[in-house]
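Please read the structure below before turning to the comments.
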Amino acid sequence: MSAQRKAAQTVLKADARSRLEAAIDENDEQAYDEALLGAANGGVDGNGFARQSAPGARTTSGRNSITGDRTLSRGSILSVAPKWFVRDYMAMKEIVFSSYFNLMLICVPLGWASAYLQWGAVPTFTLNFLALIPLALILGDITEDLAVRFGDVVGGLINATFGNVVEIMVSLFALFKNLFTVVAASLLGSILSNLLLVMGCSFLLGGAFHSVQTFNAMSNRACSSLLMLACIGISIPSAASMLLVTDPALRPDWILDVSRGTAVIMLICYACYLTFQLKTHSHLFKGEDDDAVPMMTLGTSIGALTIITAIVAVCSEFLTDSIEEVSANTGISETFIGLIVLPIAGNACEHLTACIVAMRNKMDLSMGVAVGSSIQIALFAIPFNVVVGWVSGHNFSLDFSPFSAMVLAVCVIHANFVTADATSHWLLGVQLIALYCVIAVAYFYR
């Protein structure tokens with residue numbers, strides 16, 4: 001999120017960018033030609049001529065030479081293409097084929113077909129849910145590449161907008177369908193997933209390779225206090241209404257008014273957090289490499305971002321349409337689906353990034369991804385939904401159930417205890433994951 005996830009993604013993609021830059025270096029025509037042939041031939045062989053027959057080998061009807069000509073033909077097409085096109089082609093290929101999770105992109109057309117052909121609520125929900133996982137990963141890559149181009153300030157704003165676009169899309173579509181339980185549960189679940197599951201797995205996997213790991217204490221205190229502020233802001237409207245409002249008939253309107261005022265204050269606090277992170281104290285959040293260059297051109301990045309966001313919107317629409325029927329057919333509550341199931345898709349990018357950089361002993365980056373994403377949901381996504389509901393006439397408020405408010409408070413307090421001394425090891429990771437599992441069991445049997 002913002003500067004932290006940008007730094008983490010920069011670390012993960014350093015090798016890819018260096019290969020891409022080497023391949024298109026105008027002063028290295030041999031590497032450029034090899035990259036073109038390798039891209040055309042799918043990387044089968046280093047020199048791009050894997051399917052050509054060896055000298056003197058016996059051929060039948062010229063099949064091998066024809067295959068070789070086709071390989072050269074594809075290479076020739078790329079060789080005459082503009083270098084920006086080749087750069088974008090290779091960058092998109094790197095993004096799409098960089099993870100086995102992207103194989104689940106096949107679920108996108110299947111999920112849409114299930115919705116239009118009415119295969120049933122459960123297949124529609126499952127296919128669109130699985131489709132959101134690779135879409136979140138690709139969207140994260142494209143967002144970070146676009147953020148690199150504009151620097152810290154504008155890049156941070158881009159991340160603030162698109163960093164959790166899957167969670168925001170799902171919550172907005174649920175909001176417009178008046179599924180307020182799903183909205184509250186999905187956003188609360190995203191906070192808990194990042195704060196407990198993502199951070200817990202980072203501590204566990206990082207501790208498996210390194211005995212004790214450390215991270216920046218000052219940035220951790222700033223982020224922890226912001227999370228506690230968000231927790232108080234979310235809890236006060238419902239808690240205060242039970243104590244201050246004596247007439248039950250006035251309680252819904254009172255909660256709605258207080259929630260809207262609180263949401264505006266929380267959005268202002270989030271703007272202050274971005275200023276702190278990107279401007280006044282940016283040195284606390286910088287990664288090891290701030291000289292990264294974008295992999296794609298501006299037009300391709302914006303176009304890809306627009307297309308992927310539109311696909312995410314359609315998948316989110318089909319997903320939220322099927323939630324009520326899935327809950328009725330399976331007996332699983334809407335709260336459990338929103339709190340535990342949906343955040344798995346939305347947090348896939350954060351989970352993988354945080355765990356990988358933790359295993360590389362880059363705990364500042366890992367903490368920035370896990371905690372920064374929780375802050376973004378708590379201080380931006382939740383109040384943003386309240387404000388959107390206010391404008392659109394959907395009365396979504398911060399009236400979380402007492403149990404949900406208690407769970408959020410307990411998790412934030414426990415996470416603050418775990419990270420208080422700015423050190424981590426695998427046992428702390430086990431504790432965070434165990435707490436997440438306890439909460440999941442409680443909501444499953446609720």
Side-chain angles (χ1 to χ4, degrees), residues 99-140 164-194 197-198 307-352 377 381-382 385 389 394 396 401 404 436-437 439-446:
S99 173
Y100 286 110
F101 285 101
N102 292 339
L103 292 174
M104 288 189 288
L105 286 171
I106 190 62
C107 294
V108 174
L110 292 177
W112 293 12
S114 177
Y116 284 116
L117 301 178
Q118 298 182 351
W119 293 352
V122 174
T124 300
F125 177 87
T126 303
L127 289 170
N128 284 283
F129 169 77
L130 293 176
L132 286 176
I133 296 176
L135 289 174
L137 295 174
I138 295 174
L139 190 64
N164 284 297
V165 71
V166 173
E167 295 96 323
I168 294 174
M169 284 285 187
V170 170
S171 63
L172 286 177
F173 279 111
L175 175 69
F176 296 144
K177 293 177 174 61
N178 293 319
L179 299 174
F180 297 151
T181 300
V182 175
V183 176
S186 64
L187 295 175
L188 177 61
S190 185
I191 297 173
L192 301 183
S193 176
N194 280 295
L197 187 60
V198 174
I307 292 172
I308 298 297
T309 302
I311 296 174
V312 168
V314 175
C315 291
S316 300
E317 170 79 11
F318 293 147
L319 185 74
T320 53
D321 279 341
S322 60
I323 286 178
E324 288 182 305
E325 192 174 344
V326 168
S327 178
N329 292 343
T330 62
I332 301 175
S333 68
E334 293 180 11
T335 303
F336 182 84
I337 292 175
L339 191 80
I340 304 299
V341 178
L342 294 183
I344 294 175
N347 293 336
C349 181
E350 287 88 348
H351 204 150
L352 290 176
I377 294 295
I382 292 178
N385 273 269
H394 297 82
F396 175 67
S401 69
S404 297
Y436 185 79
C437 293
I439 295 170
V441 170
Y443 273 99
F444 183 79
Y445 290 106
R446 186 183 178 192

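In this text the structure is predicted, and so the values were computed from the model without any measurement.
In this structure, the ring of Phe336 has its center less than 6.0 angstrom from the ring center of Phe444.
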So Leu130 and Leu110, side-chain contact (heavy atoms from CB on, under 4.5 Å) or not? Walk me through it. CA-CA 10 Å; Leu130 293 176; Leu110 292 177; over 6 Å; no
Using the rule given for side-chain contact (heavy atoms from CB on, under 4.5 Å), can you reason through Trp112 versus Cys315, listing the C-alpha separation, both sets of side-chain angles and the distance that settles it, and then say yes or no? CA-CA 7 Å; Trp112 293 12; Cys315 291; 3.4 Å; yes
Apply the test ring pair (Phe, Tyr, Trp, His ring centres under 6.0 Å) to residues Phe318 and Phe173: give CA-CA distance (whole Å), side-chain angles for both, the deciding distance (0.1 Å), then the verdict. CA-CA 9 Å; Phe318 293 147; Phe173 279 111; 9.5 Å; no
Just do the side-chain contact (heavy atoms from CB on, under 4.5 Å) check on Leu197 and Leu192 with the steps written out, would you? CA-CA 7 Å; Leu197 187 60; Leu192 301 183; over 6 Å; no
I would like to know whether Leu342 and Ile323 meet side-chain contact (heavy atoms from CB on, under 4.5 Å); could you show each step before the answer? CA-CA 10 Å; Leu342 294 183; Ile323 286 178; 4.2 Å; yes
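Distance check, rounded to the nearest 0.5 Å: CG of Leu127 to CE of Met104 gives 11.5 Å. Atom CG of Leu132 is separated from atom CD1 of Ile311 by 11.0 Å, given to the nearest 0.5 angstrom. The distance from the OG1 atom of Thr330 to the CZ atom of Phe125 is 8.5 Å, given to the nearest 0.5 Å. Glu167 CD to Asn385 CG: the interatomic distance, rounded to the nearest 0.5 Å, is 11.0 Å. Atom-to-atom distance recorded for Tyr443:OH and Ile337:CD1 is 14.5 Å, nearest 0.5 angstrom. The CG atom of Leu137 sits 11.0 Å away from atom CD1 of Ile308, with the distance rounded to the nearest 0.5 Å.
Leu319 approaches Ser322 most closely through the heavy-atom pair O-OG, 2.9 Å. Considering all non-hydrogen atoms of both residues, Leu105 and Leu135 come closest at CD2-CD2, 4.0 Å. The heavy-atom pair separating Val341 from Phe129 by the smallest distance is O-CE1, 3.1 Å. Summarising the geometry of Gly338 relative to Pro343, their closest heavy-atom pair is O-CD, 3.2 Å, with the distance given to 0.1 Å. Considering every non-hydrogen atom in both Asn128 and Gly111, the closest pair reads ND2-O, 3.4 Å. Across all their heavy atoms, Leu175 and Gly389 have their closest contact at CD2-N, 3.8 Å.
In terms of modelled atom types and a separation under 3.5 Å, the side chain of Ser186 and the main chain of Val182 share a donor-acceptor contact. For the pair Thr320 (side chain) and Ser316 (backbone), a donor-acceptor distance under 3.5 Å is present. A distance-only check finds no donor-acceptor pair linking the side chain of Ser327 to the backbone of Glu324 [under 3.5 Å].
Atom CZ of Phe101 sits in a sparse spot, with 12 or fewer heavy atoms from other residues, nucleotides or ligands closer than 6.0 Å.
Looking at heavy atoms from C-beta onward, Ile332 lies out of side-chain contact with Val326 at the 4.5 angstrom threshold. Residues His394 and Phe180 are in side-chain contact: their nearest non-hydrogen atoms beyond the backbone lie under 4.5 Å apart.
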